[in-house]
Amino acid sequence: DTDRQRSTTMAIDAIIEGLKWLGLDWDDEIVYQFTRAERHAAVAKQLLELGRGTPTATEPTDLRQVLEAEQGALSALLAGRGTLSTDDRAKDTAVHLSVKEIEQILLNLTANARDAISGSGHVSIVLREPTGEDLVTHDHLILEVVDDGAGMDEATCARAFEPYFT
């Protein structure tokens, strides 16, 4: 439906009838791409910025504030699949990332956690200072997203940090 000139009621009805004729069914209401055009444009812009290596925020962003602001969206992302809790143990939560970058990180990690849960489960987001057991220095902040899913197999673990691997 993104071709606005050809996306007529008659054309849409023909597509729906064709799907029915093929025996293809859907389990919810029909979603039209054009209604999410702004979101599609924002994601495309993020991907282009990522590809160009656009610099991150020069001013610190408070990760705690972004997490608090996004908690409703993250809970909605889990809708029916799990519950969400946060555990904030960090003193200083300033990071050199933009709000959009933090939002994307939180959404991606929470979506991955949701997908790892069989049936219904729990996702916990923890902000904390590094300990001696962590592989980072003292001037970092740890953001953990933990779920009670089954975990990843070895093949998935081997590719987990590849760009665009899901």
Side-chain angles (χ1 to χ4, degrees), residues 1-59 61-86 95-125 127 143-153 155-166:
D1 70 323
T2 54
D3 182 345
R4 302 309 296 157
Q5 289 182 330
R6 295 189 306 170
S7 185
T8 63
T9 303
M10 192 167 84
I12 293 169
D13 289 344
I15 292 169
I16 293 170
E17 288 305 313
L19 291 170
K20 288 178 183 175
W21 181 80
L22 290 169
L24 299 174
D25 198 7
W26 47 92
D27 57 359
D28 212 339
E29 65 182 83
I30 296 172
V31 177
Y32 296 93
Q33 290 181 345
F34 190 76
T35 61
R36 303 267 321 205
E38 287 182 24
R39 175 68 180 141
H40 296 302
V43 170
K45 183 179 176 194
Q46 284 179 329
L47 289 172
L48 289 171
E49 288 172 356
L50 178 66
R52 283 193 292 265
T54 303
T56 58
T58 55
E59 297 296 318
T61 302
D62 190 333
L63 180 55
R64 176 181 292 121
Q65 287 179 350
V66 178
L67 178 58
E68 288 171 0
E70 288 299 309
Q71 202 159 357
L74 299 174
S75 291
L77 186 62
L78 296 174
R81 298 276 307 275
T83 56
L84 177 72
S85 67
T86 58
V95 294
H96 286 280
L97 294 168
S98 71
V99 170
K100 289 292 179 197
E101 289 171 308
I102 296 169
E103 289 171 343
Q104 191 66 54
I105 290 166
L106 289 168
L107 287 169
N108 287 347
L109 291 174
T110 304
N112 289 346
R114 175 204 60 208
D115 294 345
I117 296 170
S118 297
S120 182
H122 184 75
V123 175
S124 176
I125 299 177
L127 289 178
L143 168 70
E144 295 175 326
V145 178
V146 182
D147 62 72
D148 56 7
M152 295 185 279
D153 59 31
T156 303
C157 281
R159 298 189 63 199
F161 293 103
E162 291 180 16
Y164 308 110
F165 176 72
T166 57

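The first residue in the sequence is number 1, and the count goes up from there.
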Residue pair Leu97, Thr61: steps toward the side chain to side chain contact (heavy atoms under 4.5 Å, CB included) verdict: CA-CA 6 Å; Leu97 294 168; Thr61 302; 5.7 Å; no
Steps toward side chain to side chain contact (heavy atoms under 4.5 Å, CB included) verdict (Leu84, Leu77): CA-CA 10 Å; Leu84 177 72; Leu77 186 62; over 6 Å; no
Reported CG-to-CG distance for the pair Leu106 and Leu63, which is rounded to 0.5 angstrom: 6.5 Å
Nearest non-hydrogen partners of Ile30 and Trp26, listed with the distance: CG1-NE1, 4.0 Å
Side chain to side chain donor-acceptor pair (under 3.5 Å) against Asp115, all qualifying residues, sequence neighbours excluded: none
Backbone N/O of Arg81 and side chain of Arg114: donor-acceptor pair under 3.5 Å: no
Qualifying residues under side chain to side chain donor-acceptor pair (under 3.5 Å), relative to Thr86, sequence neighbours excluded: none
Residue pair Val145 / Ala113: nearest heavy atoms and the distance that separates them: CG1-CB, 4.1 Å
With sequence neighbours excluded, residues passing side chain to side chain donor-acceptor pair (under 3.5 Å) with Asp148: none
Qualifying residue, where the test is side chain to side chain contact (heavy atoms under 4.5 Å, CB included) with Ile125 and the options are Leu109, Leu143, Val146: Leu143
Would you be so kind as to tabulate the donor-acceptor pairs closer than 3.5 Å made by side chains of residues 65-76, with sequence neighbours excluded?
| from | atom 1 | to | atom 2 | distance (Å) |
| --- | --- | --- | --- | --- |
| Ser75 | OG | Gln71 | O | 3.1 |

Distance, nearest 0.5 Å, that separates NZ of Lys100 from CG of Leu107: 9.5 Å
Test side chain to side chain donor-acceptor pair (under 3.5 Å) applied to Ser85 - qualifying residues, sequence neighbours left out: His122
Trp21 atom CH2: more than 12 heavy-atom contacts under 6.0 Å: no
Residue pairs, two or more places apart or on separate chains, that pass salt bridge (Lys or Arg N to Asp or Glu O under 4.0 Å) and touch residues 12-24: Glu17-Lys20
